[in-house]
Amino acid sequence: MTYRCRSCDGARLHSVADLGETPLANALLDKRALAQPEARFPLELVFCEDCTLLQITTTVPPEQLFSDYVYFSSFSDAAVSNAKNIADRLMQKLDLTPQSLVVEAASNDGYLLKHYQARGIPVLGVEPAANIAAHANKLGIPTRCAFFSLDEAARMVDEGFAADVFHANNVLAHVADFNGFLAGLAILLKKDGTASIEAPYARDMIDHMEFDTIYHEHLCYFSLTAMECALERHGLAVTDVEHIPIHGGSLRYFIRHRSHPVSAAVKAMLADEKKIGMTAYDYYADFGTRIDGLKRDLTTLLTKLKGEGRTIAAYGASAKGATLLNTFGIGHSELDYVVDRSTVKQGKYTPGTHLEILPPDILLECQPDYLLLLTWNFADEILAQQVEYRARGGKIIVPVPNVHIL
């Protein structure tokens, strides 16, 4: 079957990196499931020559990925801080009132919407994971358990839920019906409304070797050029853009109906992407070869350390970590266990590699010689948490963008 572009339906697609067949990155296992076979799916990244969108070729049904989910945003101090920052800014800039409405797609546990609610601004979350939606409602954040889509947006408008502000942080890349999501945004957003959408930036992923951003939940990897191409067909436009550090480098797109003016920042970034070559395949062509080099460097180091009798654990039972471990073939031979701050993940096992997930407190009890940082995108936060581990002589291996030891 010929694969066509998720955004423009073009057929001129070129392979950028083939990571083989991997398990679902967030499909953590209970102990009783370890003996059962795990589903694995092809994981290949391709570039569309027609609209410049980077994307993977396999779509796992969203119900299989998100109906019961283990990622709670509130466990990340960086995610909560980032959310509060943009909420505070938009409340001030847009002069929101108790008559306004803020809607968030993939609202998780209300980590963002709670900042609006605390200031008396009505909010509504749309969250597909039943367990997380129930948790948010229990916390008092009104949340619909649904995937945001054109049909869901139409129902919301019929019920009187047109949005003054629409948030979608790290969700658009996950959406199988990409055009349906944008069409839904176009009808839900009021004429003078503003959407704030965040997604990892394709330039950072390629330039900084962030290959572990690639997993089955992330169907698309956006440049500003690719985003603008997609929005245009739905009567929307990026009117302003910011490059922010979260998740290894992301873009925050401020999106409005096309009648609104476009900032100088948008024009400058579009010109820069064209200048450096992001609109052509050559910019991405050697990414797979560079991944192979990173694999060689990391596995060589871990093998050397184990040969010296060193103990090594990993920090972060993350989706990024699952991609890195499974793609590089790193498991029990190199690592003793994984620690994670999320109590939802503790006691489970990593997909594919079956490493036990333990609380971070174990690091001071066992004091492994080295700690492989799988959640390198939250490095500052984790380093601050692990001051005592490092003071006792523990060393941290950072695998991306190049292998180095702290």
Side-chain angles (χ1 to χ4, degrees), residues 7-8 51-53 82-97 100-107 112-113 115-116 121 123 126 148 150 153 156-157 161-173 175 178-204 220-247 249-276 278-279:
S7 179
C8 71
C51 73
T52 77
L53 180 66
N82 180 65
K84 184 178 187 305
N85 174 272
I86 187 59
D88 288 346
R89 284 176 53 195
L90 289 181
M91 278 187 280
Q92 181 176 12
K93 180 179 179 180
L94 302 179
D95 196 24
L96 300 180
T97 72
S100 305
L101 177 66
V102 179
V103 175
E104 184 181 11
S107 52
L112 187 154
L113 292 178
H115 300 296
Y116 289 100
I121 310 299
V123 301
V126 184
F148 184 79
L150 176 57
M156 293 169 70
V157 171
F161 290 118
D164 295 277
V165 175
F166 180 92
H167 283 281
N169 286 357
N170 301 296
V171 58
L172 196 55
V175 177
F178 177 53
N179 284 294
F181 187 103
L182 295 180
L185 171 59
I187 67 168
L188 186 73
L189 195 64
K190 290 181 181 178
K191 182 179 178 181
D192 291 324
T194 298
S196 172
I197 292 181
E198 295 179 17
Y201 188 22
R203 180 174 182 175
D204 290 314
C220 301
Y221 306 81
F222 299 102
S223 63
L224 177 58
T225 302
M227 181 68 79
E228 181 61 21
C229 286
L231 290 169
E232 185 174 8
R233 73 177 69 96
H234 298 286
L236 299 169
V238 180
T239 57
D240 202 3
V241 65
E242 296 173 351
H243 189 200
I244 57 178
I246 196 165
H247 297 303
S250 299
L251 291 187
R252 178 183 287 142
Y253 306 92
F254 295 98
I255 295 169
R256 307 188 74 186
H257 293 286
R258 291 198 79 83
S259 56
H260 295 278
V262 174
S263 72
V266 171
K267 296 174 183 177
M269 186 174 287
L270 287 171
D272 190 49
E273 288 185 352
K274 185 174 182 179
K275 179 180 178 181
I276 67 172
M278 287 187 71
T279 58

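When every heavy atom of Gly184 is checked against every heavy atom of Ala153, the shortest pair comes out as O-CB, 3.4 Å. Here the closest non-hydrogen pair linking His115 and Ala87 is CB-CB, 3.9 Å. Residues Leu182 and Leu231 approach most closely at CD2-CD2, 3.8 Å, considering heavy atoms. Nearest heavy-atom pair across Gly193 and Arg256 is O-NE, 3.3 Å. What you find for Asp204 and Ser250 is that their closest heavy atoms are OD2-N, 4.0 Å. Residues Ser196 and Ile86 share a closest heavy-atom pair of OG-CG1, 3.9 Å.
In summary, of the residues considered (Val171, Val238, Ile255), a side-chain contact (heavy atoms from CB on, under 4.5 Å) with Ile197 occurs for Ile255 alone.
In this structure, Leu224 and Val266 have side chains that are in contact, with non-hydrogen atoms separated by less than 4.5 Å. Side-chain atoms of Ser223 and Thr52, non-hydrogen and from C-beta on, do get closer than 4.5 Å to each other. Using a 4.5 Å heavy-atom threshold, the side chains of Glu198 and Asn82 count as touching. Leu188 is listed as a side-chain neighbour of Val103, based on a closest heavy-atom distance under 4.5 Å. Looking only at side-chain heavy atoms (C-beta outward), Val241 and Arg252 stay at 4.5 Å or farther from each other. Val126 places a side-chain heavy atom less than 4.5 Å from the side chain of Met156. For the pair Leu96/Val102, a side-chain contact is recorded, criterion being any heavy-atom separation below 4.5 Å from C-beta on. Using a 4.5 Å cut-off on side-chain heavy atoms (C-beta onward), Ser107 and Leu112 make no contact.
Note: Tyr201 and Phe222 fail the aromatic proximity criterion, with ring centroids not under 6.0 Å apart. Centroid-to-centroid, the aromatic rings of His167 and Tyr116 come within less than 6.0 Å.
Geometrically, Lys93 engages Phe254 in a cation-pi contact defined by less than 6.0 Å to the ring centre and at most 45° from the axis.
Salt-bridge formation is detected for the pair Arg203/Asp272: a Lys NZ or Arg NE/NH1/NH2 atom is positioned less than 4.0 Å from an Asp or Glu carboxylate oxygen.
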Requested in this report: Show your reasoning for whether side-chain contact (heavy atoms from CB on, under 4.5 Å) applies to Met91 and Val165.
Outcome: CA-CA 9 Å; Met91 278 187 280; Val165 175; over 6 Å; no
Report task. Start with the C-alpha distance between Glu228 and Arg233, add both sets of side-chain angles, then the distance that settles salt bridge (charged side-chain N to carboxylate O under 4.0 Å, His left out), and finish with yes or no. Result -> CA-CA 9 Å; Glu228 181 61 21; Arg233 73 177 69 96; over 6 Å; no
**Report entry** Worked check of side-chain contact (heavy atoms from CB on, under 4.5 Å) between Leu53 and Cys220
**Finding:** CA-CA 7 Å; Leu53 180 66; Cys220 301; 3.8 Å; yes
Query raised in the report: Taking it one step at a time, do Asn169 and Glu104 satisfy side chain to side chain donor-acceptor pair (under 3.5 Å)?
Result: CA-CA 8 Å; Asn169 286 357; Glu104 184 181 11; 4.8 Å; no
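At distances below 3.5 Å, at least one donor-acceptor pair connects side-chain atoms of Asp164 with backbone N or O atoms of Leu101. Without hydrogens or angle criteria, Arg258 side chain to Leu236 main chain gives a donor-acceptor distance under 3.5 Å.
Ring orientation note: the planes of Phe148 and Phe181 are nearly perpendicular, at an angle over 60° on the 30°/60° scale.
Between the side chains of Thr225 and Glu273, a donor-acceptor pair is found at a separation under 3.5 Å. Side-chain contact annotation: His234 with Asn179, donor-acceptor N/O pair under 3.5 Å present. A donor atom on one side chain and an acceptor atom on the other are not found under 3.5 Å apart for Asp192 and His257.
The number of heavy atoms from other shown groups lying within 6.0 Å of NZ (Lys190) is above 12.
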